[in-house]
Q: 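Could you have a look at this structure, given as structure tokens, before my questions?
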Amino acid sequence: MSSAALPETAHPEAPCPAGPKRAKLVEATPETRALTLMIAEDDPVSRGLLAFCTGELFKEVLLAENGRQALSLFRERKPDLVLTDQVMPGLTGLELMEAIRAEGDRTPVILMTTVHDRVLLQAINQGVDRFVPKPFDLAHLVRTLTTVAAEVVNRRVVERHREQEVELLRYRDAYNALQQESARRKERHVVRHDLLHRVLDGAGTRWAINVSFAPRDIMCGDGYSVRQLSDGRQLIFLVDAMGSGMSASLTAMLTTSFFNYQVDRLHRWQNFDLATLLECFREYLASVLLEEEVLSCGFLLIDLKREELEAALFALPPLLLRRVDGSVEKIPGGNPPLASYPTPFRAYKLSLKDAANLLVMTDGVTDAPLKEGGIYREVLEEDFRSTPTLLGLKKRFLERTAPGDLDDLSVLHLRRLDFPSQWTWSGRPELSLCGLGRLIESFLKALAGEIEVAQKQLDEVELMLSEALTNAFEHGCLGLERYEKQKLLESGDFEGALAALPLPPGAGISLNATLWRGAQAPLLLIEVLDSGSGIPAAALNAGCARESLSGRGLAMIGRLCDSLFTGGPGGHLFILKTLDQGDGDAD
Amino acid sequence: MQIEVTGTNELTIRGNIKSIEDSTRIKEALAALKKGEAGIRLRVPESFSMTSTVIGFLMKLVNLDRVRIALAVGDPRLYQLMEELSLVETFNVSLVKAQPK
């Protein structure tokens, strides 16, 4: 603590101290004693006396002989409170305070002054915290200092609490975000689609399975699984658990996981059939469902070679089936929801011989409110008739339904890829970039001749074909791996290398297209086949490295078509596009 | 699609960029430009998209040849494509109102 020696004689204007004893600490606390006081007083006697009287109240007392020194000392040492005389040479007490406030500092300032209205008014306007009249009364001075010091301490405690709360909130936010991300990853891990983007071979007909899965929350009450069985059949599970939030999500994940577990062990079963699987599932439910809890779900066993489907639907909306001639049938499930106790149920068989596509969905879709009132169930069949693809149906759904609080939305879609010929086109290009371009031109001319298509859509088809055929030529026919192409592009030798690369024997590309008019909007189905090793289905979903100079072609096609599938053997890309749509992203 | 040289280092590409031939012509036109310090300005007022071949070529110019590119597009769909591919910053993409021809 800086201090000055007491003068032997008191200064004529010096205040009369209460006595030689130090002021008794009435309100000082350990917290206030941790603070630093600055005293600005030009009179050395007063300055010394003030230092003496306040020494025990604070951790440190800084002394300044005049206003300028005080301002400099304030900026350097940042005291917690200031006691200043008003009348000082150079900078007055008020001017000192003005300078402190001008820097945005709210450090409490106590002004010692003789009563003077003008000064008082000015002090009030400039934000003085307290006044101490001069000559000062020691007890009053100490009370004032300890009161202001206590206010400083309290203010800092409040600020500290506020900072801690903010820190806690940030921690909780980070923790919640981490939990949500973990839950999302777990959900993606449990929900399975073995056949994503894959062409499936049936009895002379090819098929594909799309899924549209739009959970409302991270913890979703819907779940699904699409599994390929070792005997060539497909088994599909769709679930909509009762209620919402964590409880429903838990049931959906448990039941989907159980389904996957059973499917993974089907090789241990002799003569697997749907009825036996359902019995196992119901036994499991007895241990999982609460007494009053029920479950909507569906099982579909698909045999594409025999063109048959066996279905058991429990309280799901009716299955929608469209035939190749465009007729639509609604097939009710016929079973109540499953519960923890056994109830009789029935499965039924459907022929897929003349099926074009079929939908199974949860009631989040059918019960969604329409913008004009009512629910989507009332217009679902109409929209299904008018749109040949799942993407088209999704768009109609979003256009018609009221935005806001929708339920989880899950739709499973089985679709045929080969149709009785209504219009078909085939071609094989000369294997060069120019040759590919000529083939595309020829196709577009034929298509425009067959059907009236908006130029915008023809442009989209042209772009898709440019990407698909270039991909087939470079990666399929020439066998150029992605990393090789990257190196050639980086070196600037790509065009030259492309021209110089020899074509392997048997290299070739085919372009086949069909137009199907079974829905109100015509559907264009395009196949691009090449002699290469094929496109893995995962490549249709994979992105490419940000700095990669190639690899965006499939993504470009996906942006413009309704659906994209890959088959085999060899390079095989199947592109579906509804012809009266605008911009689209593939399922 | 038509390509016009509309400045010392500026190309304007009219129409849609959609065919294999379009990609080849654009690459040739870009290669023919002098790539000075000012970089290259590319105006694409009408196209709804761009082929992956052109995108790859532009990326090579920016990342490997260190040529600064400013791409002004007129169709929001093309801007959206650039956003989805995280290329707005790389190509300094701006969405401008289509100018009359």
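In the text below, chain A, chain B and the rest are named by the order of the sequence lines, each starting its count at 1.
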Q: Between A:Ser531 and A:Gly508, is there a donor-acceptor pair closer than 3.5 Å when you use the side chain of the first and the backbone of the second?
A: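 Pair found, side chain donor or acceptor close to backbone of A:Gly508.
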Q: Counting heavy-atom pairs under 4.5 Å to chain A, which of B:Leu58, B:Ile20, B:Thr53, B:Thr24 comes out on top?
A: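 Heavy-atom pairs under 4.5 Å are most numerous for B:Ile20.
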Q: Counting only heavy atoms not in A:Arg188, do more than 12 fall under 6.0 Å of its CZ?
A: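 Atom CZ in A:Arg188 is crowded, with more than 12 foreign heavy atoms closer than 6.0 Å.
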Q: Could you tell me the separation between the OG atom of A:Ser563 and the CG atom of A:Asn210, rounded to the nearest 0.5 Å?
A: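 Answer rounded to 0.5 Å: 4.0 Å.
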Q: Can you sort out the partners of A:Glu187 under salt bridge (charged side-chain N to carboxylate O under 4.0 Å, His left out), two or more places apart, ordered by chain and number?
A: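 With neighbours one apart ignored, the set is empty.
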Q: Within the side chain of A:Thr578, is there an N or O that forms a donor-acceptor pair under 3.5 Å with the backbone of A:Leu523?
A: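 Side chain of A:Thr578 to backbone of A:Leu523: no pair is present.
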Q: Where does the angle between the aromatic ring planes of A:Trp423 and A:Phe443 fall among parallel (under 30°), tilted (30 to 60°) and perpendicular (over 60°)?
A: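 Ring orientation, 0 to 90° scale: tilted.
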Q: Hey, which residues of residues 467-479 of chain A are touching chain B, say heavy atoms under 4.5 Å apart?
A: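 Checking residues 467-479 of chain A against chain B gives A:Glu467, A:Thr470.
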Q: Relative to chain B, which segment of A:Ile440 carries a heavy atom at a distance below 4.5 Å: side chain, backbone, both, or neither?
A: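 Only the side chain of A:Ile440 comes within 4.5 Å of chain B.
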Q: Tell me yes or no: between the side chains of A:Ser386 and A:Arg396, is some donor less than 3.5 Å from an acceptor?
A: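 Side-chain D/A pair, A:Ser386 to A:Arg396: present.
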Q: For B:Ile17, which atoms come within 4.5 Å of any heavy atom of chain A: side chain, backbone, both, or neither?
A: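 Backbone only.
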